[in-house]
Amino acid sequence: MDYPIEKWVRDWNLTSQKRLPSDQQTYDKMLNLVSTQRNKTSMKYHFIHSWCKTKVYPDNLPTTSVVIVFHNEAWSTLLRTVHSVINRSPRHMLEEIVLVDDASERDFLKRPLESYVKKLKVPVHVIRMEQRSGLIRARLKGAAVSKGQVITFLDAHCECTVGWLEPLLARIKHDRKTVVCPIIDVISDDTFEYMAGSDMTYGGFNWKLNFRWYPVPQREMDRRKGDRTLPVRTPTMAGGLFSIDRDYFQEIGTYDAGMDIWGGENLEISFRIWQCGGTLEIVTCSHVGHVFRKATPYTFPGGTGQIINKNNRRLAEVWMDEFKNFFYIISPGVTKVDYGDISSRLGLRHKLQCRPFSWYLENIYPDSQIPRHYFSLGEIRNVETNQCLDNMARKENEKVGIFNCHGMGGNQVFSYTANKEIRTDDLCLDVSKLNGPVTMLKCHHLKGNQLWEYDPVKLTLQHVNSNQCLDKATEEDSQVPSIRDCTGSRSQQWLLRNVTLPEIF
Ligand SMILES: [Mn+2]
């Protein structure tokens, strides 16, 4: 390259002249030399964006209807969403915008909204739910009235960027069973500052069935031969923003209409897409901003906690086979929640000849937080003290605890996996210093400090890197286990027992 990296970085920091390296390896080297995180972020966005701009998309892409559900949304954010769709989508690809009002109370969302959108140069239909129905049913209604070949769902507080739509539609044209999400950029709810979202995270979920972002694993980078402009195959979607072929949406069973309001529907459609022969992608050349709020502003009669539990139970019962036990054991009490009739969803799974959840874990999500193979799922009990490992509801980077066994799962659920990790949800027991402490860190799948050898005869849990053994609590700190040189004493013996919750079985 005729333009030295150091000079390039200086120019980047000092001037507005942004020269582009031609390949991603050079780019990676440059990124390492850039000083501040802010410049790194800006550089990253600039490059991926520039490479994306060199892509050419076919002209005869399918048309899309954009379906936006809102409930008491602010005028400014709702109209920002609508105007950005209109201004930044090629007119011939945009069939219409469908605004579904989920029983808002604000007056400006009634007549004033209808007369405002009438003047816009793209057909915008406002349809109203007769009573508060929740995201899932409102989206189904919006989808039912829409006419485009593709349905694009957006939240009501988004900003589409230039070129957001073409790369999404191109993937669906290429394969109608591909469901696509843009990268979700972050719009601050304090300042409305716009920040590029990462192309290096993808969708996963934890044992409690919460959607979470996790780093894109190396295998997925390798599959794309390091080209970050190619779509990422993602195990799950966040749910707010995606495009899907209209007929395919019908074929695979839209949403589970037995789910209430919202919650769990994004994992349900993700599992269903993958297990029933589709593909789910994050298209890294498509960016849509989204206002992330600190808490949900929506209220719903009866509260949302039980609704999410019900929806998650439906999702677990229909799609997760025996792996649903991870969810049930870590969420005691959830098995008491009634989940209604799932026979039509089981019928759908049968009709579409969908694959088992173990196939999904093996092939689509091998770095899943739920281990595909494991020796035990339950408590880890000390033979001498009869106490159990307990995460004490502590967070990442804190010490694991030990407490009287209660046999109820929850914070005392640990799995000793086939990869020889001791896991509780997405955290793994980790020791980085001789004599401890034993902390809980995000599982990294690289063995290292998270590798434990269980001896089923001696009953010891040996930390391989330090060559030390897990031991009972010390007198100084009675609520954390210790790690010491192996002696074979009873305080270093542990029973790994599968917990079975009576309500489940
Ligand atoms: Mn939102």
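Note that ligands are numbered from 1 as they come in the structure, with each ligand's atoms numbered from 1 the same way. FYI, side chains are in, hydrogens and waters are out, and symmetry mates aren't considered; it's all heavy atoms of this structure.
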Completion exercise
Which of R171, R223, K177 passes salt bridge (Lys or Arg N to Asp or Glu O under 4.0 Å) with E281? Answer is R171
Handout entry: Residues forming a ring pair (Phe, Tyr, Trp, His ring centres under 6.0 Å) with H125, sequence neighbours excluded
Key = none
Handout entry: side chain to side chain donor-acceptor pair (under 3.5 Å) partner of Q369, the single match among R423, K208, K442
Key = R423
Problem - Pair listing, ring pair (Phe, Tyr, Trp, His ring centres under 6.0 Å) test, anchored in residues 93-118, at least two apart - result: W75-Y116, H83-Y116
Practice task
Under 2.8 Å from the Mn ion (ligand 1), how many protein N/O/S atoms do you get? Just the number, please.
Solution key: 3
Exercise for the section: Please say which of Y360, W359, F323 ends up in a ring-ring contact (aromatic ring centres under 6.0 Å, His included) with F271. Expected result: Y360
Completion exercise
Residue pairs passing the disulfide bond (SG atoms under 2.5 Å apart) test with at least one member in residues 318-366, sequence neighbours excluded, are C276-C354
